[in-house]
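By convention in this document, chain letters (A, B, ...) are assigned in the order of the sequence lines, proteins followed by strands, and residues within each chain are numbered from 1.
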Amino acid sequence: MPLLGDLLTNCPPSAADVEVNGLGTVAHAKPGDLLFLADPKSSRLPAESPAAAVLVEPGLEAKAKDFPGVVIPMAGARAAFLSLLPTLSPRRTGDVRGVSKSAFVHASAKVADDATVHAGATISEHAVVGAGCVVFPGAFVGPGCTLGENVTLHPNCVLHDGVHLADGVTVQAGAVLGQDGFGFDSDARGHHHLPHHGGVQIGAGVLVGANSTVARGMIADTYVGAGTVIDAQVVIAHNCDIGPHNLFCSQVGIAGSVTTGAFVIAAGQAGIADHVTVCGGVTLGSNAGMSRDCKTPGTYLGLPAQPADAEAKVVIASRKLPEMRRTVKELQKQVALLAAKIERLEAEESDDDLGLSLRDAA
Amino acid sequence: MPLLGDLLTNCPPSAADVEVNGLGTVAHAKPGDLLFLADPKSSRLPAESPAAAVLVEPGLEAKAKDFPGVVIPMAGARAAFLSLLPTLSPRRTGDVRGVSKSAFVHASAKVADDATVHAGATISEHAVVGAGCVVFPGAFVGPGCTLGENVTLHPNCVLHDGVHLADGVTVQAGAVLGQDGFGFDSDARGHHHLPHHGGVQIGAGVLVGANSTVARGMIADTYVGAGTVIDAQVVIAHNCDIGPHNLFCSQVGIAGSVTTGAFVIAAGQAGIADHVTVCGGVTLGSNAGMSRDCKTPGTYLGLPAQPADAEAKVVIASRKLPEMRRTVKELQKQVALLAAKIERLEAEESDDDLGLSLRDAA
Amino acid sequence: MPLLGDLLTNCPPSAADVEVNGLGTVAHAKPGDLLFLADPKSSRLPAESPAAAVLVEPGLEAKAKDFPGVVIPMAGARAAFLSLLPTLSPRRTGDVRGVSKSAFVHASAKVADDATVHAGATISEHAVVGAGCVVFPGAFVGPGCTLGENVTLHPNCVLHDGVHLADGVTVQAGAVLGQDGFGFDSDARGHHHLPHHGGVQIGAGVLVGANSTVARGMIADTYVGAGTVIDAQVVIAHNCDIGPHNLFCSQVGIAGSVTTGAFVIAAGQAGIADHVTVCGGVTLGSNAGMSRDCKTPGTYLGLPAQPADAEAKVVIASRKLPEMRRTVKELQKQVALLAAKIERLEAEESDDDLGLSLRDAA
C-alpha cells in the first residue's frame with residue numbers, strides 16, 4: 001500500500017508512514033481508505049469506520065475524536081485530499097486517439113491533426129474541429145459548425161448547423177445545441193413555425209450539461225457567455241443572451257429572448273420568463289420563477305420571484321394562514337359581540353341621557 | 001453589397017438603393033445589417049448602431065428618430081424582413097442525399113426512393129420510411145414504425161417499435177418516442193412493471209422538441225393530435241390523448257392518461273396531473289399545475305391551477321400576508337382592549353343601573 | 001377471429017365462444033376489441049361502442065349495463081386482460097441477435113456469448129457485458145463499465161467510464177449515466193470545476209427512464225438502490241445515495257448528495273434539495289420540494305414541502321386570502337368604529353360618574 005509521505009507533497013512528518021490504498025467518504029468508506037474533514041458543519045466521524053486515516057483541517061480535530069483510524073491534522077486538508085484523486089482513484093479513460101475510420105467525416109470538413117474523432121461520430125460539411133478536440137461516438141457536428149481548441153463533445157450530443165464553440169468548451173452527453181427555436185405565428189388554423197436563421201455562440205470554457213438544450217436564434221445567434229456552466233437538463237431557448245460566469249443548476253428553464261448579466265445563478269428547476277432581463281449578481285433559488293426584469297443584484301425566491309427576505313416572510317406567514325383564518329373568524333365573533341354590547345350600552349346610555357343624545361344627533 | 005430594391009418585392013422606391021449585407025437585431029447589429037421595428041412595445045432604436053437600415057412599420061417612425069442609419073417605413077415590415085432570411089442569412093445545410101451505405105437499414109424495411117437516410121441511422125425490421133423523409137445520423141427507427149411523407153428525424157432521436165408518424169412530422173434531436181410507459185403494480189416487495197403493448201400515434205405536422213419524450217400506451221396508443229407543437233424537454237406520458245394544435249413550451253410535463261382538447265397551451269414547466277381531462281382553449285401559465293378536470297376555456301395559473309384572475313388576487317394578497325398578519329395581531333390587541341373597556345363600562349353601567357341590568361338578565 | 005375460450009385460462013364457460021381480435025380501451029375501441037372494467041371509479045361504459053366484449057370485475061356489472069357487446073363478469077378481470085396482451089397485441093421486436101460487425105467493440109472488452117450488441121453501439125476499453133444483455137444502436141458503454149446479466153441498454157443511452165449496472169437493469173433511450181457532477185469552487189474569476197473520480201452504481205432491476213441523467217460521484221460513487229424505478233427526464237445529481245424501491249416520476253430533480261431510504265416516492269416535477277436525507281416511506285407530491293431532512297414517513301406537499309394535511313389547509317386558506325383580506329379590512333373599520341363609540345361612551349360615563357372614574361384611576 002502506498003505511504004502518505006510518498007503521496008502528499010506537504011505531508012506532516014508524523015503521517016508519512018500511514019498506508020492508504022484509496023479515497024473514501026464517511027458513508028461509503030472501505031478498508032484502507034483515506035477520508036477528509038474540512039467542513040465545520042460536518043457531523044463527527046463515527047466510532048466505527050474501516051477507513052485507515054483522515055486528513056483534518058486544524059480546528060476540527062474534536063470531530064475526529066472517536067475515529068478509530070489515524071487522525072492527521074493538516075492545513076488545506078480538502079485540497080490535499082483532492083490532489084490525490086488522480087493517483088488513488090484514477091478514472092479509466094480510453095486510449096483511442098486520432099480520427100477513426102468509422103467516423104463519418106465529410107470531405108469538406110477540417111479536422112486538426114491532433115484532434116480525436118471516435119467511431120460513429122459525424123463531422124458534417126465545412127465543419128471545423130480545432131486542435132486537441134475530442135469528439136465521442138454518436139456526437140453530431142452539423143454543417144458549418146466551428147469548434148475551437150480543446151473542445152470535448154461527449155457521446156451523442158448534437159450540434160446543428162451554425163453552432164460555434166470557443167476554446168475549452170465541454171458539451172456533455174445527449175445535449176442538443178442549435179435546434180430550431182420554438183417560435184410561431186398562431187391563428188385559428190394553427191401554429192405556423194417561424195424561420196430560425198440565427199445560430200448559437202458558446203463562449204470559452206462553457207460547460208453544457210447532459211441532455212440540456214440550447215435553441216438557435218431567429219435572426220441573431222443565441223449567446224452563452226464565457227465561463228458559464230450549465231448542468232443537466234437545462235433549457236436555453238432561442239435568442240437568449242446569457243452573460244459570462246452564469247451557473248444554472250439542473251432543470252433550469254430560460255425562456256426565449258432572455259438577457260442575463262455576469263454571475264447570474266439559478267438553482268434547480270428555477271426559471272426566467274421570456275424577454276426578461278436579469279442584471280448581474282442575481283441568484284434565483286430553486287423553483288423560483290423570475291417573471292419581470294430584475295435590476296437589483298441579490299437572492300430571489302418564489303413564484304413569481306421576489307427578494308428572498310420578503311418571500312421568506314410570505315412563506316412563514318402562509319404556513320400560519322390556517323391559524324390566522326381561525327383568529328380572524330374569532331375576531332369577527334368577538335367584534336360582533338362587542339358591537340352588540342356597545343349597542344346595548346349606548347341604548348342604556350340614551351335611556352340615561354336622553355337629552356344629551358338628542359343634542360348630539362342634532 | 002446587395003441593394004434592397006433587388007431583395008424586397010415591395011421595396012419603397014426611396015429605399016431601392018440602400019445597401020445591406022445581413023440581417024440583425026438591435027442588440028447584436030453588425031455593420032451593414034438591416035433591422036426591423038414592428039412591435040409597438042419595442043424600445044426606441046439607439047442613437048448609436050452600426051446597422052445600415054431599418055424597416056419600420058408605419059406609425060412607429062418616432063421610435064427610429066435617433067437611429068443613424070436609413071429609416072424605411074414599410075407596411076408589413078416584419079414579414080418583409082423575415083422574407084429576406086433565406087437570402088441574407090442562409091442556413092448552411094448538408095448536401096448528402098439518398099440512403100447512406102453506412103446507415104443500418106434492415107432488409108425488411110421499406111425506404112422511399114427519394115428519402116434520405118444518413119450514415120449511422122438505423123431503420124429496423126419492417127419499418128416504412130415515406131417519400132421526402134430525412135433521417136439524420138444516429139436516429140433510430142424501431143421495428144414496424146411507419147413514417148409518412150416529408151418526415152424529418154433529427155440526429156439521435158429514437159422511435160421505438162410501433163411508433164407511427166403522419167406526414168410532415170418533425171422530431172428534433174434526442175427526442176424519444178415509444179419507450180415503455182411508467183406503469184407499475186406496487187406492493188411491499190417492490191414495483192412490478194406493467195406490460196406496455198400500445199404504441200404512439202403522432203398526427204400530421206406535429207413538432208416534437210429536442211430531448212422530449214412520448215411514452216407508449218399500455219393498451220391503446222398514446223396520441224398527439226395534428227398540428228400540435230412540443231418544445232424541448234417536454235414529457236408526454238403513457239396513454240395520453242393530446243388534441244390537435246396544442247402548444248407545449250419547454251419542460252412541460254403531461255402525466256399519464258391525460259386528455260386534452262384543441263388549442264390547449266401550456267407555458268414553460270407547467271404540468272397536467274394524470275387522468276385529467278382538459279377542454280379545448282385552455283391556457284396554462286408557466287409552472288401552473290392542472291390537478292383536476294377542466295371544462296372551461298381560459299387561462300389558469302398556480303399550483304394547483306385556478307382561473308388566472310383568482311390566482312392573481314391570491315398572489316397579490318399573499319405578498320401582503322406579513323403585513324396582514326401584523327394587522328390581525330394589532331386587531332387582536334385592540335379588540336382585547338375594547339373588550340376590557342366595555343367590561344368596565346358594563347360594570348359601571350350595572351353599578352349605575354343595577355335594577356335595569358337585573359331586569360335584562362331575567 | 002380467436003375465441004376467448006382458447007385465449008383465457010379461466011374463461012367463464014358462457015364466454016368461451018366470444019370472438020375478439022384485439023384489446024382496446026373505451027376511448028379508442030375498434031371493432032372486435034375486448035375491453036376490461038375493474039376500477040370502481042371508472043365511468044359507465046357508453047351505449048355505443050364498436051368493441052365486441054368486456055371483462056368486468058364482479059360487482060361492477062352495473063357500469064356495463066348499456067354496453068352493446070358481450071359482458072363477461074370475471075374475477076381478476078384486469079389480470080386476465082393483461083395476460084392477453086402478448087397474444088392479441090404483440091409488440092414487434094427485432095430479430096437481430098449477437099454482436100454486430102458494425103458495432104464498435106474494443107478488443108479489451110468482454111462481451112458474453114449470448115449478449116446482443118447492435119450496429120452502431122460502442123463497447124469501450126475493458127468494459128464487461130454480461131449474459132443476456134442487449135445493447136441497442138447508438139448506446140455507448142464507456143471504459144471499465146460493467147453490465148451484469150440481462151441488462152438492456154436502449155438506443156443512444158450513454159454510460160461513461162466507471163458505471164456499474166447490476167443484473168436486470170434497464171436503461172431507456174437517451175439516458176446518461178456517469179457524466180461529471182456539477183461541482184465547482186467559485187470565486188470572482190469564475191467557477192472552477194472539481195474533479196469527479198467516483199462512478200455510478202446501479203442496483204439490480206433498476207429502471208432508468210428516457211433522457212434521465214445520473215451524475216457520477218466526486219469521491220465515492222453515486223448509488224441507486226435495487227428495484228428503484230426512475231421515469232423520463234429525471235435528474236439524479238452527484239454523490240446521491242438513493243435507496244431501494246424508490247419510485248421517481250418524470251422530471252423529478254434530486255440534487256447533489258441526497259440520501260433516501262426505501263420506498264421513497266416522488267411525483268412529477270418534485271425535487272429534493274442538496275445534502276438532504278429523506279427517510280424511507282416518504283411520498284412527495286407533484287411539484288413538492290423537500291428542502292430539509294425528513295425523518296417521518298408520510299406524504300409531503302408544497303414548496304417547501306410540509307406534511308400533506310398542513311399544506312392542504314394552507315392551500316385552502318390561501319385560496320380564501322382575498323376574501324380574508326376584505327374581512328380584515330372590514331374588521332379594522334368596525335373596530336375603529338367601536339373604539340370611537342367606546343370613547344364616546346367613556347366620555348359620557350365620565351361626565352356621569354366623574355367621581356367614580358377618578359376613584360378608579362387612583
Side-chain angles (χ1 to χ4, degrees), chain A residues 104 120 122 124-126 138 140 142-144 156 158 160-162 174 176 179-180 182 184 186 190-191 193-195 197-198 211 213 215 219-221 233 235 237 241 251 253 255 259 269 271 273 289 303-304 306 310 313-314 317-318 320-321 324 327-328 331 334-335 338 341-342 345 348 352, chain B residues 23-25 27-28 82 85-86 89-96 102 118-120 136-138 154-156 172-174 205 207 209-211 227 229 231-233 244-245 247 249-251 268-269 286-287 303 315 318-319 321-322 324-325 328 331-332 335 338-339 342 345-346 349 352-353 356:
Chain A
F104 312 120
T122 299
S124 303
E125 291 86 345
H126 304 287
F140 176 87
N156 297 340
V158 172
H160 287 277
D161 57 289
V176 176
Q179 83 277 12
D180 267 18
F182 194 69
F184 299 87
S186 297
H191 311 290
H193 193 246
L194 293 164
H197 283 250
N211 285 344
T213 55
I219 300 158
D221 294 332
Q233 301 186 43
V235 164
D241 193 348
Q251 296 176 324
T259 300
Q269 301 184 330
L303 284 170
Q306 63 174 338
K313 283 177 189 158
V314 168
S318 294
K320 302 207 168 154
L321 251 182
M324 190 161 125
T327 302
V328 168
L331 275 171
Q334 290 174 14
V335 167
L338 293 184
K341 287 184 176 181
I342 288 171
L345 283 168
E348 289 173 2
D352 293 355
Chain B
L23 299 174
T25 59
H28 296 287
L82 294 182
L85 277 168
S89 185
R91 285 180 62 171
R92 191 185 290 273
T93 52
D95 53 19
V96 173
S102 298
H118 285 265
F136 279 95
H154 284 287
N156 297 340
Q172 288 189 339
L207 169 68
N211 285 344
V229 290
D231 199 354
Q233 300 186 42
H245 305 303
L247 185 151
C249 295
S250 56
Q251 296 176 324
Q269 300 184 332
S286 59
N287 285 291
L303 284 170
V315 168
S318 294
R319 292 294 155 99
L321 250 183
M324 190 160 124
R325 219 176 137 207
V328 168
L331 275 172
Q332 284 183 295
V335 167
L338 294 184
I342 287 171
L345 283 168
E346 286 178 329
E349 188 76 18
D352 294 355
D353 310 303
L356 187 66

Could you check whether any side-chain N or O of Asn211(B) sits under 3.5 Å from a backbone N or O of Gly174(A), counting only pairs where one atom can act as donor and the other as acceptor?
yes

Any sub-3.5 Å donor-acceptor pair from Glu125(A)'s side-chain atoms to Asp95(B)'s backbone N or O?
yes

When heavy-atom pairs shorter than 4.5 Å are enumerated against chain A, which of Arg325(B), Gln251(B), Arg91(B) gives the highest number?
Arg91(B)

Can you tell me which portion of Ser318(A) sits under 4.5 Å from chain B's heavy atoms? Options are side chain, backbone, both or neither.
both

Let's test your reading of the structure: which of Val96(B), Leu247(B), Leu23(B) forms the most heavy-atom pairs below 4.5 Å with chain A?
Leu247(B)

For the student: nearest non-hydrogen atoms of Ser102(B) and Ala119(B), plus distance:
CB-CB, 3.6 Å

Nearest heavy-atom neighbours spanning Gly142(A) and Ser124(A):
C-CB, 3.4 Å

Would you say His197(A)'s side chain and Ser89(B)'s backbone share a donor-acceptor pair under 3.5 angstrom?
yes

If one checks every heavy atom of Val235(A) against chain B at 4.5 Å, the contacting part turns out to be both

Would you check if the side chain of Gln172(B) reaches a backbone N or O of Asp180(A) as a donor-acceptor pair within less than 3.5 Å?
yes

Determine the interplanar angle of the Phe136(B) and His154(B) rings, folded into 0 to 90°, and report it as parallel if under 30°, tilted if 30 to 60°, perpendicular if over 60°.
parallel

Winner by heavy-atom pair count (cut-off under 4.5 Å) against chain B, out of Pro304(A), Gly198(A), Gly120(A)
Pro304(A)

Structural part of Thr93(B) lying under 4.5 Å from a heavy atom of chain A
backbone

Contact class of Leu303(A) relative to chain B, heavy atoms under 4.5 angstrom
both

Region of Gln332(B) in contact with chain A, defined by heavy-atom distances below 4.5 Å
both

Assert top hit (heavy-atom pairs under 4.5 Å, partner chain A, pool Ala210(B), Gly205(B), Gly227(B)) equals Ala210(B)

Measure the spacing between CG of Leu345(B) and NZ of Lys341(A) and express it to the nearest 0.5 Å.
11.0 Å

Heaviest contributor of heavy-atom pairs below 4.5 Å to chain A, chosen from Leu331(B), Leu82(B), Leu321(B), is Leu321(B)

Please flag which part of Asn287(B) lies under 4.5 Å from any non-hydrogen atom of chain A: side chain, backbone, both or neither.
side chain

When only pairs under 4.5 Å are counted, which of Gly138(B), Ala173(B), Pro244(B) shares the most heavy-atom pairs with chain A?
Ala173(B)

Which atoms form the tightest heavy-atom contact between Pro195(A) and Leu85(B), and what is the distance?
CG-CD1, 3.6 Å

Tell me, out of Gln269(A), His193(A), Lys313(A), Gln179(A), who's got the most heavy-atom pairs with chain B below 4.5 Å.
Gln179(A)

Backbone of Gln233(B) reached by a side-chain donor or acceptor of Gln233(A) within 3.5 Å:
no

For the backbone of His245(B) and the side chain of His191(A), can you confirm whether one donor and one acceptor N or O come within less than 3.5 Å of each other?
yes

Does any heavy atom of chain A fall under 4.5 Å from the side chain of Pro90(B), the backbone, both, or neither of them?
backbone

Check whether Asp241(A) gets within reach of chain B through its side chain, its backbone, both or neither, counting any heavy atom under 4.5 Å.
side chain

Which residue out of Val328(A), Asn156(A), Val335(A), Thr122(A) racks up the most heavy-atom pairs below 4.5 Å with chain B?
Asn156(A)

Thr213(A) versus chain B, heavy atoms under 4.5 Å apart: side chain, backbone, both or neither?
both

Heavy-atom distances under 4.5 Å only: say whether Ala220(A) touches chain B with side chain, backbone, both or neither.
both

